[in-house]
Amino acid sequence: EQNMIKFFHTGNLSPAKKASVYSGFGLLILSTFLAGSVVLNIFELESFAVLGHSGVRTLAGLAVVGCLLAAIGFFDE
């Protein structure tokens, strides 16, 4: 726990900003894991299709939202 906080440099962030940073990194890790599982044929890409959008767009959207949440958490840092 302490090493991860030092790694992300979140020691002086408010709890809400810490939650944003950790949620963002979590979404990035999740999207990377899901993309890798599609490449390894564990999941079908079309299983991530939502509202007529392709699965690639959904996985990319997860990564983008993760980046935005992390950036918002680190804003003014």
Side-chain angles (χ1 to χ4, degrees):
E1 165 79 356
Q2 279 299 61
N3 290 335
M4 289 300 272
I5 289 174
K6 288 180 184 177
F7 178 74
F8 291 139
H9 303 287
T10 59
N12 58 347
L13 295 177
S14 69
K17 286 187 174 191
K18 281 183 186 179
S20 179
V21 169
Y22 288 128
S23 298
F25 282 123
L27 284 175
L28 282 171
I29 291 168
L30 177 66
S31 66
T32 303
F33 170 75
L34 291 175
S37 65
V38 167
V39 170
L40 296 173
N41 290 326
I42 296 171
F43 293 117
E44 297 268 335
L45 186 59
E46 289 306 312
S47 64
F48 298 107
V50 176
L51 298 173
H53 296 290
S54 70
V56 172
R57 186 173 183 172
T58 303
L59 292 176
L62 278 175
V64 169
V65 169
C67 288
L68 287 173
L69 281 173
I72 289 168
F74 280 124
F75 187 70
D76 284 341
E77 183 57 27

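Here the structure is a predicted model, which means the values were calculated and not measured. Only heavy atoms go into these numbers, but all of them, side chains included; no hydrogens, no water, no symmetry mates.
Note on I42: it clusters hydrophobically with V38, by side-chain heavy-atom contacts below 4.5 Å among ILVMFWY residues. By the rule that hydrophobic residues join a cluster once side-chain heavy atoms approach within less than 4.5 Å of another member, L68 and F75 end up as members of separate clusters. In the hydrophobic clustering of ILVMFWY residues, with side-chain heavy atoms under 4.5 Å counting as a link, L27 and F74 come out apart. There is no path of hydrophobic side-chain contacts, each under 4.5 Å, that joins V50 to L45. No single ILVMFWY cluster, assembled from side-chain heavy atoms under 4.5 Å apart, contains both V21 and V65.
Using a distance-only test at 3.5 Å, with no hydrogens or angles considered, no donor-acceptor pair links the side chain of S20 to the main chain of I72. No donor-acceptor distance shorter than 3.5 angstrom exists from the side chain of K17 to the backbone of N12, with no hydrogens or angles considered.
In this structure, L62 CG and I29 CD1 are separated by 13.0 Å, a value rounded to the nearest 0.5 Å. Rounded to the nearest 0.5 angstrom, S31 OG and L59 CG are separated by 7.0 Å.
Contact record, L69 with S23: CD1-CB, 4.1 Å, taken as the closest heavy-atom pair. Across C67 and L28, no two heavy atoms sit closer than the pair SG-CD2, 3.7 Å.
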